[in-house]
Amino acid sequence: MKVSRKLVGLLLLLAFLGAAQTARGQGQIGTLHITGVSSEVSTGRYDREAGIFYADVSEISGALITFVYDDVEIMGKIMEWRTDDDYLIFSIDAKLTQEDFELTGDLIEYFGEEKGLRAEGNVVVVTEDATVYADRLDYDEETDEALFTGSVRVVFSDGFMIGEKLLMYLEKSELQFFGSFQGEFNEEDTNEE
Amino acid sequence: MNSKLKKGLIFGAALIALIVLALRFFVEPPPPAVSIPPSVQLLESRLVGRKDGVRQWEILAQSVLQAGDSVTLTNLDEMVMFQNQEPYLNIDAETAVWNRKQDVLHLYEAIVRDNGEDGLYLESDLLVWEGAEETLNSPGPVFILWQGLEIRAAEMLLESQARLLYLRDDVQIRDGSMLWRMDRAVYDLDAELMDFYGNLLLEGEAGQSESE
């Protein structure tokens, strides 16, 4: 199934964020933009000693914080980057995009030391082939697994499946459903979205 | 009085009147006196600036010209700014002009260094020290090295008591391989906190390393 294959975007993000912390001096490590803000408005603070970069444009209409690396973008209205711990969190309108892959959630967190990524609250993953809805997504780079939990719904072009827990094995391009799942598929190619 | 004497007196009076009129209308009056303020030029002098009796700065200059309230120092050998009676900054400058009444010191072609661990280096075409506010202002472009940071801005203001550095317009701060560009920033030198304002671009640069 191509759903998991599209999560390769997450891998690219992990590569970027990891590189931003550890590979200084080893080449391009991407850019961070804060846009749509007047020069008189405070947008954040960098605590150099603690290694914490914090930005908040949630009160500014049209303003946005965007990380860009290669063709991966992650954006939101509030961001905190703890550079020493290699931890990053985006919240309010948090979104990660890469080509035709899109992940949104109330917040998106990256844990560099644990090599994991988490999205929480109204999680939606849109790919070329399907859309996954869940309360939460945990991605583990070590095991290469993406776990969707809480009100999971996978919508395909020809049907959908609903359950509480869904595990994706990215490398194997497999989906594993846990617990009770129910779904509907149609013979003809109709799209629920 | 005989008539000859009368005629002589009348003639003399008329002659005096003619001379006075001629001087008044035909002879240009002398220019008014120009007030030239007293000036003093000293050679190889040490000048000390104080506020409330506390030494703020000290300059050793080859030439000091005092004219009115303005003191112009050239060929500066040594300039030290003090904080809490301790040497704080060393300054090299082409020329320094001190307005005594306003307690404002203009430094031209200035380079500021400290001898401490902070490793401050500051370069500007013009720095203005305002003694009353204890601020150091660069109304034009400034270049600063500070604790591994490389800072450029179109304008700068340093509040020496609060130890706050205000940077404005086309602000660039390089921290290792990371380059910040922003509209405005306020850097707390002691707490190492940087508040930024307006749009911001933070980019990692290829070929740079933290040691650079």
Contacting moiety of Ala185(B), where chain A heavy atoms sit under 4.5 Å:
neither

Is Ser42(A) close to Tyr197(B) at the side-chain level, that is, under 4.5 Å between some pair of heavy atoms?
yes

Nearest 0.5 angstrom please: Tyr46(A) OH to Met178(B) CE, how far?
8.0 Å

Looking only at atom types and distance, does a side-chain atom of Asp47(A) sit under 3.5 Å from a main-chain N or O of Leu193(B), one as donor and one as acceptor?
no

Please classify the contact between Thr43(A) and chain B as side chain, backbone, both or neither, with a heavy-atom cut-off of under 4.5 Å.
both

Audit row: Leu202(B), Phe67(A), side-chain contact (heavy atoms from CB on, under 4.5 Å) steps and yes/no
CA-CA 9 Å; Leu202(B) 168 61; Phe67(A) 249 128; 5.8 Å; no

Do you know which two heavy atoms are closest between Gln147(B) and Arg48(A), and how far apart they sit?
O-NH2, 2.8 Å

Determine, stepwise, if the pair Glu192(B) / Arg45(A) fulfils salt bridge (charged side-chain N to carboxylate O under 4.0 Å, His left out).
CA-CA 10 Å; Glu192(B) 293 191 51; Arg45(A) 168 174 283 189; over 6 Å; no

Heavy-atom donor-acceptor pair, Asn199(B) side chain to Gly36(A) backbone, under 3.5 Å
yes

Counting only heavy atoms not in Lys77(A), do more than 12 sit closer than 6.0 Å to its NZ atom?
yes

When you look at CD of Glu114(A), are more than 12 heavy atoms from neighbouring residues, nucleotides or ligands closer to it than 6.0 Å?
yes

Nearest 0.5 angstrom please: Asp183(B) CG to Ile34(A) CD1, how far?
10.5 Å

Taking CD in Gln176(A) as the centre, count heavy atoms belonging to other residues, nucleotides or ligands within less than 6.0 Å. Is the count above 12?
yes

Taking the side chain from Arg184(B) and the backbone from Ser39(A), do they hold a donor-acceptor pair closer than 3.5 Å?
yes

Just wondering, are more than 12 heavy atoms of other shown residues or ligands nearer than 6.0 Å to CD in Gln85(B)?
yes

From Phe196(B) atom CZ to Tyr54(A) atom OH, the distance as rounded to the nearest 0.5 Å
10.0 Å

Validation row: Leu201(B), Leu32(A) side chains within 4.5 angstrom (heavy atoms)
no

More than 12 heavy atoms of other groups within 6.0 Å of Glu40(A) CD:
yes

